[in-house]
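Below: one structure, written as structure tokens.
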Amino acid sequence: MSTSHVAGVGMVRFGKYDPSVTFERLAVEAANGALRDSGATRNQIEAVFVGHVFGGPVAGQRVATELGLGGLPVSNHENYCASGATALREAWMAIRAGLYDVVLVIGAEKMTDRVKGGVTPDANDLDAMQGYVMTAGHALSARRYMADYGATREQIAMVAVKNHAHSMNNPYAQYQHRVTLEDVLNARPIADPLGLLDCSPISDGAAAAIVCSPKGMARLGITSARPEVRAIGLVSGTLRSGHYDVNEEDISRRAGLQAYDAAGISPQDIDVVEMHDCFTIAEIVRLEGLGLIPKGEGAAWTADGKTSIGGKLPVNPSGGLLSRGHPVGATGMAQVCELYWQLMNQAGLRQVENARLGLAYCKGGTVSGTDGASVTTVVMSL
Amino acid sequence: MTTIQTSMASPSRPIREGLFCVDPPSLFGSACNQCSIRTFPARSFCPACNSDDVEPQVVLASEGKIYSYTVIRQAPGGRKTPYTLAYVDLTDGVRVMAQIDAPIDTLHIDMPVRLDIRPVGEQDGCELIGYVFVPKECAQ
């Protein structure tokens, strides 16, 4: 089977765009950036994979038309907040299968003009009928994590402090300013014990990559090394029964194992992580679920600086979802852009030293009674 | 035991068919004949052992304790805040997500609660009946 490589990436700065700036325009700008970065021309692209949630029917085809890529196979991929990474996985599998040598993958979302007050499960979901919102699930997790492991509210809040410090050096981040521990603790309460700065924002944005087989790289005239997509895990949640531990993160464990096995690595080999920190507590329990941090120690690791740039395991050098912003369908591809820059040593002042092997994790959606809906784990190395 | 019936003339309906009965107030689940695990809502298979040999409708325990809770102070879709959402661990091993009707300052992990079936909203002029949990010591 062919290996897959990221030949180039493009991204628009995440943030709140005027309603006149369309979904299509954001996606086109990111895609054109990836084409330029890789040196690919339009006629070299063989297929387009687009991840989005709120883009509406055939959003990918609307974008491809504006890109001048009409006529190609275009597919739309929805796995809620894991949509972008799911689109990448489909592209990766198609290249492995030998179908294509040069493809375009886009994650895009325009949320600020259509989502207010937070994202929710589908209205027909039984938990949604009880008033479940995404923040609620993470608040329930945080309260239990504090009770079970003796973690403090301050330690959990430090995830936001750390990620905002990282994003100060990320020109693509929605927020590029420092926040203090006091800022996080005193922010407007959203779902106790979590406040506004424990939550990723509702954002607009797009991120894209050109993914190639070695043959495709040669076609593009690329002779130097590009990061390889070693493996992409994809799992869904399972129904939990009995009085289970809500922070056991079995879904993360399974997604991690799938990627580690396929890539032939162990979690200890990973130099840098882009983690789906949709909420502060989520970064902690997911790192633990992946086997990257011992169970119950994630909050203390964060407070001790072990997950900061320069620490034992740098997590979210980009600033993560909390600071880069979270246009849900775009997030997975924004993580891939960040891993590309880190592995290519192009991350500037947020560069993780000697970053050779990176992991990007996304978790999308919830289904009542399960431990989640979809989790993706992208392993990339140079 | 009666389940709420929906008809054109009905002024009220349950949030979903088959979840509960009103009198006595109780939730319906399924029970595995192989491993005895109970499930809410009822399913045609056992999520614990994957057996298809399940009792399709059993009455679940109506008391339990709070496993974790949160007071939601911002919600989309015009839902009135604040409200309390919790995982309730029933005495027969089932976990249910539901709202808790109790003063916020009395909430705590392991707080004993009991089921209550009541109107929880309104849709198109029709009263929606659902389930919440209330403090166990609360008078019937």
**OP:** Heavy-atom distances under 4.5 Å only: say whether B:L90 touches chain A with side chain, backbone, both or neither.
**Re:** backbone
**OP:** List the steps and the verdict of side chain to side chain contact (heavy atoms under 4.5 Å, CB included) for A:R143 and A:V246.
**Re:** CA-CA 10 Å; A:R143 189 180 302 281; A:V246 76; over 6 Å; no
**OP:** Name the region of A:R240, side chain, backbone, both or neither, that has any atom closer than 4.5 Å to a heavy atom of chain B.
**Re:** neither
Original post:
Quick one: ring-ring contact (aromatic ring centres under 6.0 Å, His included) partners of A:H177, sequence neighbours excluded?
Top reply: A:H164, A:Y175
**OP:** Could you check which of A:G242, A:A147, A:G131, A:S141 has the highest count of heavy-atom pairs closer than 4.5 Å to chain B?
**Re:** A:G131
Original post:
Do B:R95's NZ or CZ and the ring of B:Y67 fall within the cation-pi criteria of under 6.0 Å and 45°?
Top reply: yes
**OP:** Go through A:T120, A:L126, A:D127, A:V133 and name the one with the most non-hydrogen pairs under 4.5 angstrom from chain B.
**Re:** A:L126
Original post:
Side chains of A:E109 and A:V53: does their closest heavy-atom pair fall under 4.5 Å?
Top reply: yes
Original post:
Which region of B:V71, side chain (C-beta onward) or backbone (N, CA, C, O), has a non-hydrogen atom less than 4.5 Å from a non-hydrogen atom of chain A, or is it both or neither?
Top reply: both
Original post:
Under 3.5 Å, is there a donor-acceptor pair between the side chain of A:K295 and the main chain of A:G289?
Top reply: no
**OP:** Measure B:F40 against the heavy atoms of chain A and call it side chain, backbone, both or neither at under 4.5 Å.
**Re:** side chain
Subject >> Toward chain A, the part of B:Y69 with a non-hydrogen atom under 4.5 Å >> reply: both
Subject >> Max heavy-atom pair count under 4.5 Å with chain A, selected residue of B:S68, B:A75, B:G130, B:A86 >> reply: B:S68
Subject >> Engaged part of A:T238 at the chain B interface, taking heavy atoms whose separation is under 4.5 Å >> reply: neither
Original post:
Which answer fits B:I15, side chain, backbone, both or neither, if we ask what part of it has an atom under 4.5 Å from a heavy atom of chain A?
Top reply: both
Original post:
Residues two or more places apart in sequence or in another chain: which of them pass ring-ring contact (aromatic ring centres under 6.0 Å, His included) with A:Y132?
Top reply: none
Original post:
Do you see a donor-acceptor pair shorter than 3.5 Å between the side chains of A:T331 and A:H326?
Top reply: yes
Original post:
Is it the case that B:T91 and B:E63 place a side-chain donor and acceptor less than 3.5 Å from each other?
Top reply: no
Original post:
Quick one: what part of A:T135 sits under 4.5 Å from any heavy atom of chain B, side chain, backbone, both or neither?
Top reply: neither
Subject >> Interface moiety of B:I109 toward chain A, non-hydrogen atoms closer than 4.5 Å >> reply: side chain
